[in-house]
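One structure below.
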Number of protein chains: 2
Amino acid sequence: MAKRNGSSTLSENVTKKLQSDILAGQYEPGSPLTVSELAKGFEVSVAVVREALTRLATHGLVLQNPNHGFSVKTASEEELNNIIQARSLNESEALRLSIAYGDLTWESNVIAVHHKLSQTAEYREVNQKLAVSEEWSDIHRQFHYELIAACPNPVLLDICRRLWDLSEFYRHYPTPHQQTRDGRAEHKALMDAVLSRDSDRAVKIFRAHIQLTADNLFNNP
Amino acid sequence: MAKRNGSSTLSENVTKKLQSDILAGQYEPGSPLTVSELAKGFEVSVAVVREALTRLATHGLVLQNPNHGFSVKTASEEELNNIIQARSLNESEALRLSIAYGDLTWESNVIAVHHKLSQTAEYREVNQKLAVSEEWSDIHRQFHYELIAACPNPVLLDICRRLWDLSEFYRHYPTPHQQTRDGRAEHKALMDAVLSRDSDRAVKIFRAHIQLTADNLFNNP
DNA sequence: ACGATTAAAATAAACGATTTATATTTACAG
DNA sequence: CTGTAAATATAAATCGTTTATTTTAATCGT
């Protein structure tokens with residue numbers, strides 16, 4: 001850090017880095033984020049860290065208590081269910097609109113990113129334990145974004161993007177049991193429904209897809 | 001300003017003041033918000049103004065261009081339609097849930113705030129022209145919040161709150177023609193549907209209600 | 001020994017000045 | 001004149017420090 005690159009600002013870079021660190025599970029949920037310490041770590045002034053934390057706080061990834069500083073968002077099964085419910089509502093609608101408005105270029109992009117996703121390993125080994133690959137996470141996000149990319153309502157898309165980040169926060173949780181689901185098949189089925197312009201089927205598959213993610217995490221049958 | 005009051009911070013107060021000023025139409029849409037000028041006006045340092053603007057920027061009320069500072073959000077009919085669409089989706093769902101989960105206390109609160117709303121004048125005279133009363137605006141917001149207050153999903157409620165602020169941005173626009181609608185009757189009908197726990201009817205009335213607001217603003221038949 | 005009160009340390013929030021980037025003006029060459 | 005480049009002006013971004021608040025530690029009295 002410590003230097004501005006390109007036309008972007010230091011605050012922007014620190015915000016991005018902090019966000020990806022939090023989403024990658026670098027910090028324990030609920031743990032305090034001391035401005036001065038982070039500033040030392042990033043080799044920037046307290047002002048830019050403060051600005052970054054302020055942004056993340058309004059995004060919901062960081063908690064801000066007046067005169068008590070910042071801390072990482074806490075996690076709960078209840079909240080994940082609320083996020084999933086909101087995502088289900090908004091992303092389903094965005095998906096419908098995307099299917100209704102998407103053109104040939106969009107179709108091609110969907111196929112392209114799905115191919116990439118299907119050829120990327122979801123887990124990698126990190127000191128004898130399986131962990132979600134950061135690369136896969138990124139492509140997975142791209143895939144879901146692409147599905148709704150043809151939705152002509154930017155407000156709706158922004159909501160979807162924020163909700164994705166919030167649910168991403170839960171992805172790096174220790175999974176209680178081995179995944180039994182077939183994520184690859186689900187993605188394939190979802191893409192097929194989308195490409196055949198079958199909104200109802202696509203939404204149905206999508207809803208089941210994200211519900212399974214939540215259930216898997218907290219070990220619900 | 002210039003002094004911290006209570007347990008809240010200066011930034012918080014400036015944020016609130018700036019937000020209400022913007023929503024009240026104090027600044028022209030698209031006009032630049034110079035940090036140093038605002039700091040002088042509020043008699044605070046540039047840091048707190050910056051923090052306030054950063055917050056409002058992530059909320060969407062303010063635009064931030066890296067190295068070009070901040071400006072008031074621009075307005076367009078298209079964007080209002082997008083906001084209304086998103087509001088319709090989320091607030092309808094919140095309304096359904098609220099109707100499903102609301103208890104007797106909630107019912108009473110709905111009735112109470114509706115009474116207040118029905119007894120408050122929507123317009124007041126400002127140098128020979130009619131303008132929306134700030135007091136009415138506030139109670140109107142409270143009324144709509146109360147309708148969905150029993151929704152048990154805070155994530156959904158937060159989305160609704162943000163979308164409300166965004167659409168509120170358009171409320172202070174010069175209305176091209178005299179309002180012909182009967183807002184009072186709409187609110188009464190909405191409340192009646194809610195209290196009789198008729199979700200479908202309530203949602204239908206609500207959707208028509210916010211659609212009319214948008215149509216009225218841009219003079220659509 | 002324990003709880004309340006006060007002093008000390010740590011951290012958050014705010015400040016004002018400096019540095020860096022962008023926009024504007026002026027000078028100059030073609 | 002017109003286009004380009006240097007110089008200046010303006011505003012944004014960042015910095016290091018100061019002030020206020022909270023938390024921890026210590027002291028005192030009962």
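Since the structure is predicted, the reported quantities are computational estimates derived from the model, not experimental observations. Residue numbers start from 1 in every chain, and the chains themselves are labelled A, B, ... in the order their sequence lines are given, proteins ahead of strands.
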If you check the [X] side chain, which of [options] turns out closest?
| X | options | result |
| --- | --- | --- |
| A/Leu10 | C/dG16, D/dC15, C/dA21 | D/dC15 |
| B/Val48 | C/dC15, D/dC15, C/dG16 | C/dC15 |
| A/Ala47 | C/dA14, D/dT22, D/dC15 | D/dC15 |
| B/Val44 | C/dC15, D/dC15, C/dG16 | C/dC15 |

* To do: Considering just the side-chain nitrogens and oxygens of B/Ser45, establish if one lies under 4.0 Å of OP1 or OP2 belonging to C/dA14.
  =>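 For C/dA14, neither OP1 nor OP2 has a side-chain N or O of B/Ser45 closer than 4.0 Å.
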
* **Residue list, side chain to side chain contact (heavy atoms under 4.5 Å, CB included) with B/Tyr145, at least two apart or on another chain** => B/Arg141, B/Arg161, B/Trp164, B/Asp165

* **Listed partners of B/His59 passing side chain to side chain contact (heavy atoms under 4.5 Å, CB included), at least two apart** =>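 Side chain to side chain contact (heavy atoms under 4.5 Å, CB included) list for B/His59, sorted by chain: A/Thr58, B/Arg162.
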
Rounded to the nearest Å, what distance is computed from the [atom1] atom of residue [X] to the [atom2] atom of nucleotide [N]?
| X | N | atom1 | atom2 | value |
| --- | --- | --- | --- | --- |
| A/Phe70 | C/dT11 | CZ | P | 15 Å |
| A/Glu12 | C/dA21 | CD | P | 14 Å |
| A/Asn67 | C/dT11 | CG | P | 15 Å |

* Looking only at atom types and distance, does a side-chain atom of A/Tyr170 sit under 3.5 Å from a main-chain N or O of A/Ser76, one as donor and one as acceptor? ->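 Between the backbone of A/Ser76 and the side chain of A/Tyr170 there is a qualifying donor-acceptor contact (under 3.5 Å).
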
* Charged N to carboxylate O below 4.0 Å: is that the case for A/Arg55 and A/Glu51? -> yes

* **A/Glu135 with A/Arg124: basic N within carboxylate O range, under 4.0 Å** => no

* **Contacting residues from residues 53-60 of chain A, given that a heavy atom lies under 4.0 angstrom of DNA chain D** => none

* Enumerate the residue pairs fulfilling side chain to side chain donor-acceptor pair (under 3.5 Å) with a member in residues 85-97 of chain B, sequence neighbours excluded, ordered by first and then second residue. =>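 For residues 85-97 of chain B, and leaving out neighbouring residues, the side chain to side chain donor-acceptor pair (under 3.5 Å) pairs sorted by first residue read A/Asn90-B/Asn90, A/Asn153-B/Gln85, B/Arg87-B/Glu91, B/Arg87-B/Ser167, B/Ser88-B/Arg207, B/Arg96-B/Asp200.
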
* Please, which pairs that meet side chain to side chain donor-acceptor pair (under 3.5 Å) have at least one residue in residues 27-41 of chain B, sequence neighbours excluded? ->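 Listed once each, the pairs would be none.
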
* Please name the pair of heavy atoms, one in A/Gly30 and one in A/Ser71, separated by the smallest distance, quoted to 0.1 Å. =>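 Nearest heavy atoms, A/Gly30 then A/Ser71: O-CB, 3.8 Å.
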
* Tell me which residues in residues 26-40 of chain B put a heavy atom below 4.0 Å from DNA chain C, sorted by number, or none. =>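 Output list: empty, so none.
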
